[in-house]
Peer 1: 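Supplied in C-alpha cells, the structure appears directly below.
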Amino acid sequence: SSAEVTLSAKLYVKATSGRWIEIDTDWTPQTFSGSNICYDFVFDGDSGVRYKVDVTVSVTIDGYTETVTDSVEKTCLS
C-alpha cells in the first residue's frame with residue numbers, strides 16, 4: 001500500500017525574555033501520497049533574531065499512523 005504523509009509546521013520567535021512566541025504564518029498542513037514529498041517553509045526574518053520551527057510529520061499506512069515531531073532553531077543572518 002502507498003503511504004499518506006501529513007506535514008505541518010509552526011514558527012516561533014525568541015523574545016528578549018527568553019520565551020518562544022508563536023508567529024502567525026500562512027503555512028497550512030499538507031498531505032502527500034506516494035514517494036515524492038516537498039514542502040518549503042518561507043518567512044521574512046530579521047537579522048540577529050532567533051527563530052524556531054516545530055515540524056510534525058504523520059505517516060499513515062494501512063490505517064496505522066506514526067507521528068514524529070522535530071524542532072530546528074537558528075539565528076537569522078540576513
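The figures here come from the full heavy-atom set of this structure, side chains too, leaving out hydrogens, waters and symmetry mates.
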Peer 1: Which pair of heavy atoms, one from G45 and one from Y51, lies closest together, and at what distance?
Peer 2: CA-OH, 3.4 Å

Peer 1: Can you give each donor-acceptor pair under 3.5 Å made by side-chain atoms of residues 10-20, sequence neighbours left out, with the distance rounded to 0.1 Å?
Peer 2:
residue: S17; atom: OG; partner: R19; partner atom: N; Å: 3.4

Peer 1: Would you mind reporting whether V5 and V57 have side-chain heavy atoms less than 4.5 Å apart?
Peer 2: yes

Peer 1: Shortest non-hydrogen contact from C76 to D46?
Peer 2: CB-O, 3.2 Å

Peer 1: Could you state the interatomic distance from CZ (F43) to CD1 (I23), rounded to the nearest 0.5 Å?
Peer 2: 7.0 Å

Peer 1: Would you indicate whether the side-chain heavy atoms of F41 and V55 approach each other to under 4.5 Å?
Peer 2: yes

Peer 1: If you look at every heavy atom in V42 and W27, which pair is closest and at what distance?
Peer 2: O-NE1, 3.2 Å

Peer 1: Quick check: does any side chain N or O of Q30 sit under 3.5 Å from a backbone N or O of T28, one acting as donor and the other as acceptor?
Peer 2: yes

Peer 1: Looking only at side-chain N and O atoms, does S71 offer a donor or acceptor that is under 3.5 Å from a partner on E73?
Peer 2: no

Peer 1: Does the side chain of T56 reach to within under 4.5 Å of the side chain of T67, using non-hydrogen atoms?
Peer 2: yes

Peer 1: Can you name the nearest heavy-atom pair linking S47 to L77, along with the distance?
Peer 2: OG-C, 4.2 Å

